[in-house]
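Right, one structure below, let's go through it.
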Amino acid sequence: MPELIAKQAWAGQASVTKAGLSLVPLEDRAIWSVALFPGGAEAAGAVLAPLGLGFPQPNRWVSAGAARLVWTGRDQAFLMGAEPPAGLAGAAAVTDQSGGWAGVALSGPGLAQALARLVPVDLTPAAFPEGAAIRAPVNHMSAVILRTGAEAVEIWVFRSMARTLWHELAEVLDRLEARIAIKG
Amino acid sequence: MRVEGKGIIDRSHPLRFTFDGKSYGGYRGDTLASALLANDVRLMGRSFKYHRPRGPLTAGSEEPNALVEIHGKTNQTPNVRATMLEVFDGLDVRSQNRMGTLKYDLLEVNDLLAPFLSAGFYYKTFMWPRAFWERVYEPVIRRAAGLGSLSGKHDEGVYEKAWAWCDLLVIGAGPTGLMAALTAARAGAQVILADENPLLGGRLVGDGGTLGGEPAAIWVAGVEAELRSMPNVRVMTRTTVTGAYDNGTFGALERVGLHRPARPNLPRECFWRIVAKRAVLGAGALERPIAFPDNDRPGILLTSAVRTYLNRFGVVPGRRVTIFDGSEAGRVLARELMAAGVQVAAIIDPRAEASGLEDCPVHLGAQVVGSRGRLGLRAITVRKGAETFEIETDCLAMSGGWNPSLHLTCHMNGRPRWSEDIMAFVPMEGAVPGLTAAGAAAGRFSTHAALGDGKAAATAALKDLGMAVPDLPLPAAEDAPYEPRALWDVGGEGRAWIDFANDVTTKDVRLAAKENYTSVEHMKRYTTQGMAPDQGKSSNVAALAVLADATGRSIADTGITTFRPPFVPVSIASMGAGGRGAGFAPQRFLTSDQASRDRGAPMIEAGLWYRPSYFPKPGETGWKEACDREVGWVRTAVGVADVSTLGKIDIQGRDAARFLDFVYTNTFSTLPVGRVRYGLMLREDGMVLDDGTTARLGENHFLMTTTTAAAGLVMRHLDFVHQAFCADWDLRFLSVTESWAQFAVAGPMARALLNATLDAPLGDLPFMGVTTVRVGGVEARLFRISFSGEEGYELAVPTRYGEALFRDLVGRAETMGGGPYGMEALNVLRIEKGFITHAEIHGRVTAFDIGMEKMVSAKKDCIGKAAAQRPGLTGPERQQLVGLKTHAPLTAGAHLFRPGAVVEPATDEGYVTSVCWSPTLNCWLALAFLADGRARHGEQIRLVDHLRDIDVTCEVTGPVFLDPDGGRMRA
Amino acid sequence: MRYSGLKVITEGLFGNKGWKPAWRNPAPKPAYDAIVIGGGGHGLSTAYYLAKNHGLTNIAVLEKGYLGGGNVGRNTTIVRANYFLPGNQEFYSHSLKLWEGLESELNYNVMHSQRGLINLFHSDGQRDAFARRGNAMITQGDDAILLDRDGVRELLPWLDFEQTRFPIYGGLLHPRGGTARHDAVAWGYARGADRRGVDLIQNCEVTGIDIEGGKVVGVQTTRGPIRAPKVGIVVAGRSSQVAAMAGMRLPIESHVLQAFVTEGLKPVINHVISFGMGHFYISQSDKGGLVFGGDLDFYASYAARGNLPMVEHVMEAGMTLMPMIGRARVLRSWGGIMDMSPDGSPIIDKTHVEGLYLDCGWNYGGFKAVPASGWCMAHLMATDTPHEVARRFRLDRFATGHLLDEEGTGSQHNLH
Amino acid sequence: MRLKCPLCGERDRREFYYSGAADYLSRPEAGAAPAAWDDYLHNRDNPAGVTRDLWYHEQGCAQWLVVTRNTVTHEITAVELVAGRAAE
């Protein structure tokens with residue numbers, strides 16, 4: 001009988017700090033898609049309420065402890081960091097997405113400048129405040145982006161594209177650092 | 001020559017650069033043009049067609065003449081404007097478009113041949129003998145044409161693209177732009193101020209006047225300091241806004257690292273996409289030259305350019321200056337030059353009455369009608385009434401008036417309007433929604449008007465956005481009325497240049513008119529006026545005026561050609577930043593990627609994924625040997641392949657089965673839980689979209705698989721059908737491709753391998769069954785499906801266990817006389833079984849063509865059913881899927897003919913889609929489409945591949961070569 | 001006036017004073033034997049061949065703007081015959097043969113340059129598809145050579161062969177493919193038609209089509225009504241609008257296709273090259289500019305201008321394939337309005353109105369078709385029967401399913 | 001070009017896939033005459049002016065949208081969810 005060792009999406013990837021920004025690979029976590037069936041909003045809300053999570057409005061995410069509910073589409077959210085409560089079944093299609101996504105945390109004072117090199121959406125704090133979460137491309141990749149702090153975001157992409165995401169972000173940091181160097 | 005006490009170059013930073021191998025000195029803040037002029041070098045280039053000696057005409061990005069090549073360690077950059085290139089230590093610049101040296105260019109012979117090289121001459125000759133065009137004429141023309149050279153080596157430079165958002169984009173940082181930016185900035189708006197120069201100020205820098213009673217530079221510095229201190233303002237220097245696009249999107253090019261030696265990771269350029277709620281175009285205006293014979297010599301510049309060289313760079317392009325200008329601006333320049341100690345030999349003013357000037361002869365009612373000096377101006381000829389005389393001069397400043405820089409207002413098809421008041425085109429209002437032209441760009445030329453206009457434009461924009469705007473006082477500024485000039489062409493016999501860059505003269509325009517190329521577009525295309533690197537910035541109006549004159553129309557009736565993006569040329573590398581190397585599309589890697597690479601497998605691209613082609617063994621000579629071995633493993637023992645790239649869509653809801661019945665041709669509502677069914681999906685036009693298996697995991701829960709290539713396409717299609725036709729159904733679906741790693745285990749020993757792997761022995765899982773199993777304690781899904789024709793399974797585990805499971809399965813397979821197999825073997829296995837891929841379902845085939853018309857249920861509607869019944873898709877002329885078999889090598893892409901038939905289009909009966917050598921059947925196999933093919937099994941057919949010189953006869957068979965009854969799969 | 005090298009020299013010696021107008025500016029007559037609506041490449045060549053092949057000289061071309069102002073003057077000038085479906089292959093083969101004699105036919109140098117066209121492929125599957133195409137071309141009597149990676153490297157050593165995203169596997173070389181000077185084609189046909197007596201009437205917009213008893217009798221224009229028993233609609237880019245004047249709803253969607261040209265450069269690219277994994281193709285004009293393009297902007301548009309996403313995609317593809325062009329600068333971008341049909345192939349057919357004919361749906365393959373389109377449209381208008389090489393370009397083929405879908409992308413108009 | 005997705009807000013054109021005129025929403029009933037299918041699949045008003053067409057927010061919320069816009073000026077006047085039509 002085999003012993004199956006789980007491998008993290010970012011196994012072996014070290015963090016990078018450059019241009020005043022920190023790029024950190026995130027550990028895999030439970031991710032469940034919760035997609036409401038027509039008319040399922042009320043029932044799903046009742047099941048989620050004890051967790052302290054309301055179903056998020058479009059482009060928002062909510063959290064309670066380690067559990068988050070992140071809007072990802074029409075009547076759809078990702079439950080991250082928690083297992084789905086029993087009882088959702090009739091109200092929503094619940095689908096395991098754990099391990100299918102790879103996330104990074106990017107933070108620091110140059111955050112908006114870094115993101116503006118890859119994401120065609122205004123992610124300055126005024127336009128993308130705390131509590132915001134969007135579906136948007138990171139260059140050519142589909143992503144879920146969450147504002148996690150005044151100068152911090154998380155970016156999640158398909159796991160198979162993790163290397164490309166890292167490469168593109170690292171390149172942005174290199175270039176920002178070179179730009180800073182000639183200013184000084 | 002350099003003038004002491006003038007200019008805002010940094011004299012504390014001297015530097016050295018080379019031009020054509022010779023070393024020169026300059027200062028930080030110099031452009032190549034200013035530094036060379038300071039060194040008394042006026043000759044900087046050769047013209048496009050006649051190879052005339054040329055020096056700078058302007059001091060800006062509109063420069064038509066002084067184009068040079070920059071040579072770096074690994075590359076070279078052609079067609080760089082000497083007027084925009086900031087010099088730095090070690091800069092290596094060379095002149096271009098010459099055969100020989102810049103001074104002795106052999107192609108100057110073209111200038112002597114000019115009578116035979118008039119507009120459009122090439123349309124009238126080089127036609128005989130016919131074969132000479134590609135062999136003789138064209139190569140000669142091509143070699144003579146062109147300007148600078150690319151190196152032919154990969155551009156290894158670093159480039160960048162970025163986005164920016166703002167309430168107000170201010171284009172140009174002259175008086176208009178500064179005032180607009182300041183107004184908006186103080187209102188608290190998000191402001192971007194972009195200017196293509198390294199310094200803010202625009203003409204305030206070049207003209208060096210006063211503002212609010214102080215030197216303009218002080219006012220500029222004050223505004224700049226304030227803007228730079230504000231968090232809501234981004235000042236972007238060296239940034240040219242290049243294009244206006246829909247819904248407030250602008251393109252802009254930032255020259256990030258071009259003004260300094262290269263540095264690792266530092267972008268050379270950055271292409272910006274700026275999204276602005278409102279924009280102010282404060283791009284100023286461009287001065288026009290005057291057409292007179294031989295007006296293109298080095299040393300002949302625009303008045304504003306001479307002024308800029310003097311005030312910004314402390315340089316005069318000569319020692320004895322003359323001025324050909326019908327406005328007070330000429331007087332101002334003369335005074336400035338004389339104040340700086342430069343001799344002004346004369347002012348030639350075409351007006352009959354105008355002011356004089358102390359210490360300087362002014363020739364009223366006079367025109368410059370000629371010039372002399374082979375490599376640079378030595379004298380001009382002046383005509384005054386009946387009298388002509390020569391004046392010795394090495395620098396002529398000329399001005400034919402000004403054109404508003406309205407180019408961006410044309411990018412969305414805006415048509416400029418001719419204004420008789422200023423004898424120039426002015427922007428059409430509202431041509432770019434949200435953008436307002438202001439100041440000189442709108443045809444209001446005085447500094448006072450520019451400041452007021454900038455403020456007003458910003459105020460209006462901010463009010464639109466609902467923002468409160470402070471009332472800023474305007475600094476006192478010059479407010480002289482503009483003196484419109486309409487002297488385009490002094491006439492005369494010689495060649496008078498209009499379009500310096502493309503060597504178009506007034507004669508060319510008149511010839512075009514004579515030959516009835518009288519539409520402005522015809523004239524432009526026939527003469528090539530306006531199609532050179534400067535896009536006709538300085539030639540456009542003069543050309544129209546000459547055409548208007550030649551055709552007896554007004555300029556307004558003659559019209560104007562359209563300015564297209566970009567405003568200044570933009571490198572392909574900057575707009576294509578990120579495409580180099582592997583950046584064109586994301587790379588997708590399997591969980592087994594490293595394990596496959598560890599085994600030496602070459603990886604090939606498939607639908608953005610990288611998949612192993614084959615797994616080589618020591619001693620094997622190539623892919624074919626490995627492939628045959630891997631096929632053998634699957635046929636006789638067991639093989640393992642990663643099939644995770646197949647699209648997987650999780651479908652749930654009470655209406656899930658109903659939905660599948662609608663999108664598939666066959667029925668899924670009757671599929672029992674725990675079973676899998678092959679499904680065929682059509683486009684609405686009746687052609688096959690994709691195929692795959694769908695498993696029923698629960699009463700209201702299905703898992704659909706798609707091909708790798710069509711995964712995204714199918715998802716989009718399902719989303720459309722769902723949202724457009726049944727959004728209210730109890731149905732949700734989602735891609736789970738990334739959540740599962742899935743491995744095919746196939747071969748007679750597949751079950752044995754699984755029994756050794758799974759936590760509990762595999763019970764009686766029927767063919768086309770699905771069940772939940774555990775492996776290493778992990779819950780997994782096991783499908784009994786086969787793409788090889790052998791007893792086959794696909795085992796799926798959560799992605800994080802993929803690599804471990806792959807290594808384990810492969811290890812176990814190897815102990816059983818099998819191992820991993822790659823794409824090559826997978827392809828052979830499926831051809832032997834007659835399974836189709838997108839080589840067969842290439843978008844032009846119906847279910848009927850591939851012999852699956854029985855899978856189109858008669859009992860229900862489905863997507864594509866109606867259109868598939870069109871007569872042209874069901875007739876006997878349709879080509880049907882068949883197999884071909886022979887012992888000689890076959891090639892995909894070959895065509896099929898009846899043996900003995902003449903090979904011609906009319907006898908072409910089909911083509912081959914897939915071929916392989918079958919190690920199982922010891923022959924070559926092919927899948928092909930053949931007219932009426934199903935009725936022709938057993939016939940001989942001739943296969944012709946002209947490209948690879950193959951001509952063989954094959955036997956037509958059914959597409960399933962191996963085990964047509966499927967006994968092995970069901971074993 | 002006959003053009004020749006000798007004429008250029010003698011005129012040059014005498015101050016270029018003797019050149020004559022390339023065409024007249026006639027006023028419209030009240031009636032003609034036939035009218036061609038549209039003074040673009042196809043309309044002008046239709047008129048030329050009506051006059052030359054069928055002796056119909058009392059005809060007019062009505063152009064709402066200036067001659068050659070549509071797509072014939074804003075394309076990327078590629079001429080090729082590399083189709084593989086019956087219906088297309090014989091038509092483009094015929095067209096290429098006409099191209100090969102066009103200079104002497106028109107006494108106008110259209111600079112047809114058969115420098116060779118190379119379609120690169122990046123997988124075994126693409127190679128097989130191109131092999132199918134190449135074999136069809138040769139069977140048709142045209143030329144094609146299948147190059148492997150080394151064969152491509154020999155011709156185009158500066159491609160990025162180390163690029164790992166979509167490695168170059170090889171290419172299909174079509175030696176007789178190439179380019180031509182686009183404006184010259186329109187002008188050459190215009191001059192040729194004019195010399196045969198055709199009235200070319202510019203600034204004359206058709207505002208209505210007069211039909212009586214199911215027959216066309218003339219047109220209404222901004223310069224008055226003009227009668228004619230035969231009217232050809234040859235107005236790609238505006239086909240839906242003009243056909244609507246005759247009560248027709250066409251299988252056409254109009255889309256914008258952008259193209260680009262760089263500043264002049266010394267010769268560096270000697271072929272027409274097309275990338276197989278992104279939207280990008282390129283050649284270098286005789287003037288030295290790199291002329292290149294990609295795919296549609298993909299949204300319906302009559303604006304004749306595009307947006308940045310496709311611009312950037314095309315540039316990125318260029319940098320992937322041939323990073324040596326990185327420092328060339330784009331001088332100008334522009335857009336043309338494409339008649340996109342539901343199978344990517346054109347329509348040359350009669351309509352439900354007697355005497356009214358339709359030539360449209362050229363997608364973005366119209367330029368190379370100019371000679372044969374005019375040839376076949378003239379044949380149809382003159383004889384009322386389709387020309388042999390254009391017989392499959394029927395208007396009803398979408399209804400009947402006799403499709404000519406080279407791309408295999410189906411009925412969605414913008415995917416061809 | 002920017003579209004205001006009803007769910008995601010204003011986004012650049014590159015995030016969207018375009019499929020053609022909104023005619024594709026009016027699918028003929030099963031058994032409709034061939035001419036109805038021909039019209040549905042192929043024939044278009046193709047106006048030089050205001051049109052309604054279908055866009056898919058592929059890089060965003062995966063919703064199909066009906067966009068009302070002008071094909072000459074590119075002005076966009078309305079963006080609606082295709083899935084929201086039932087509720088109209």
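We name chains A, B, ... by the order of the sequence lines, and we start the count at 1 in each one.
Of the listed residues (B:Glu156, B:Met531, B:Glu877), the one with the most heavy-atom contacts under 4.5 Å to chain C is B:Met531. Put simply, of B:Asp945, B:Val903, B:Leu873, the one with the most heavy-atom pairs under 4.5 Å next to chain C is B:Asp945. Between chain B and the residues C:Phe398, C:Trp158, C:Tyr66, C:Phe292, the largest count of heavy-atom pairs under 4.5 Å involves C:Tyr66.
Checked against ring-ring contact (aromatic ring centres under 6.0 Å, His included), B:Tyr610 has the following partners two or more places apart in sequence or in another chain: B:Phe589.
For the 3.5 Å distance criterion, the side chains of C:Arg181 and B:Tyr122 fail to qualify, holding no donor opposite an acceptor. C:Lys266 and B:Asn97 share a side-chain donor-acceptor pair at under 3.5 Å. In this model, a donor atom of one side chain and an acceptor atom of the other lie less than 3.5 Å apart for B:Thr77 and C:Arg327. Counted by atom type alone, C:Gln412 and B:Arg683 present zero donor-acceptor pairs between their side chains at under 3.5 Å. Side-chain contact annotation: B:His946 with C:Thr139, donor-acceptor N/O pair under 3.5 Å present.
Looking at B:Lys124 and C:Glu11, no side-chain N of the basic residue comes within less than 4.0 Å of a carboxylate O on the acidic one, giving no salt bridge. A salt bridge links B:Lys161 with C:Glu312: the closest approach of a Lys/Arg side-chain nitrogen to an acidic carboxylate oxygen falls below 4.0 angstrom. Ion pairing of C:Asp405 with B:Arg844 is absent here, as no side-chain N (NZ or NE/NH1/NH2) approaches a carboxylate O to less than 4.0 Å.
The contact between C:Asn25 and chain B is made by backbone and side chain atoms together, counting heavy-atom distances below 4.5 Å. Heavy-atom distances place no part of B:Ala906 under 4.5 Å from chain C, backbone and side chain included. With a 4.5 angstrom heavy-atom cutoff, C:Val8 touches chain B via backbone and side-chain atoms both. With a 4.5 angstrom heavy-atom cutoff, C:Ala399 touches chain B only via backbone atoms. For C:Lys7, no part lies near chain B; criterion is any non-hydrogen pair under 4.5 Å. For chain B, no part of C:Met322 is nearby; none of its heavy atoms comes within less than 4.5 Å. Both the backbone and the side chain of C:Ala136 come within less than 4.5 Å of a heavy atom of chain B. Contacts between C:Tyr169 and chain B at a heavy-atom distance below 4.5 Å involve the side chain alone, from C-beta outward. Neither the backbone nor the side chain of C:Arg2 has a heavy atom closer than 4.5 Å to any heavy atom of chain B. With a 4.5 angstrom heavy-atom cutoff, C:Asn203 does not touch chain B via any of its atoms.
Proximity of a side-chain donor or acceptor of B:Arg525 to a complementary backbone N or O of C:Gly73 within less than 3.5 Å is detected.
Contact between B:Thr125 and C:Gly5 at its shortest, heavy atoms only, is OG1-CA, 3.1 Å.
Classified by interplanar angle (parallel below 30°, tilted 30° to 60°, perpendicular above 60°), the ring pair C:His313/B:Phe584 is tilted.
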Given B:Arg142 and C:Gln284, is the side-chain hydrogen bond (donor to acceptor under 3.5 Å, both in side chains) satisfied, shown in steps? CA-CA 9 Å; B:Arg142 290 190 69 189; C:Gln284 187 171 17; 3.3 Å; yes

Applying side-chain hydrogen bond (donor to acceptor under 3.5 Å, both in side chains), run through C:Ser113 and B:Glu134 and close with a yes or a no. CA-CA 6 Å; C:Ser113 167; B:Glu134 283 92 346; 4.8 Å; no

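The aromatic ring centres of B:Tyr517 and C:Trp23 sit less than 6.0 Å apart.
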